[in-house]
Amino acid sequence: MALGLGIGAMYVRSLTVYLVREGTLDEYVYLEHGAHYAIGALAIVLLVTIQYEIHEFITGMIGVVLIGASFLSSVRRNRAIAAAEGGSAPKTEVSSGV
């Protein structure tokens, strides 16, 4: 279980690094935070599994839900900015900080 969670956390981290290098995180500003929250949630699940058994489906869905929610929040933010600017102004550049 610990090995699986560690591999999952490294995959999420690798995906985050890839998205930073491609510049995707400049467009989807909340995606990086969602990835970090998913890694933290996986760490908490690892600690909880010492005492209780947690089904693998729940463990996987925690990460999917956190990253999906952050992606949808980024899309909603981008649409709100585009609507406020009338849709014709250039997009605001936001650095991912990496």
Side-chain angles (χ1 to χ4, degrees):
M1 180 80 171
L3 181 62
L5 288 173
I7 291 170
M10 289 304 296
Y11 175 76
V12 170
R13 184 197 173 280
S14 298
L15 182 62
T16 303
V17 169
Y18 171 77
L19 292 174
V20 167
R21 290 183 180 151
E22 293 296 314
T24 305
L25 291 181
D26 291 337
E27 185 176 344
Y28 300 106
V29 296
Y30 300 132
L31 199 56
E32 182 177 10
H33 300 286
H36 289 291
Y37 288 141
I39 291 170
L42 289 174
I44 291 170
V45 167
L46 178 62
L47 292 174
V48 169
T49 57
I50 293 171
Q51 184 71 26
Y52 304 101
E53 183 175 340
I54 298 177
H55 195 273
E56 292 85 11
F57 178 78
I58 294 171
T59 303
M61 288 307 295
I62 289 172
V64 169
V65 167
L66 287 171
I67 293 173
S70 63
F71 175 76
L72 291 175
S73 296
S74 295
V75 169
R76 196 171 77 196
R77 174 194 174 270
N78 292 344
R79 287 182 182 166
I81 289 173
E85 295 175 347
S88 62
K91 291 184 179 179
T92 304
E93 288 285 329
V94 177
S95 174
S96 62
V98 177

ILVMFWY cluster, [X] and [Y] together (side-chain gap under 4.5 Å):
X     : Y     : result
Tyr28 : Leu72 : yes
Val45 : Ile7  : no
Phe57 : Val64 : yes
Met10 : Leu3  : no
Tyr37 : Val65 : no

With rounding to the nearest 0.5 angstrom, report the [atom1] to [atom2] distance, [X] to [Y].
X     : Y     : atom1 : atom2 : answer
His36 : Ile67 : NE2   : CD1   : 10.5 Å
Ile58 : Glu53 : CD1   : CD    : 10.0 Å
Met61 : Leu66 : CE    : CG    : 10.5 Å

Taking every non-hydrogen atom, the tightest pair across [X] and [Y]:
X     : Y     : answer
Glu27 : Asn78 : O-ND2, 2.8 Å
Ala41 : Ile62 : CB-CG2, 3.5 Å
Ser70 : Gly34 : OG-CA, 3.6 Å
Ser74 : Leu31 : OG-N, 3.7 Å
Gly63 : Ala38 : CA-CB, 4.0 Å

So, does Thr49 use its side chain to make a donor-acceptor pair with the main chain of Ile54 at under 3.5 Å? no
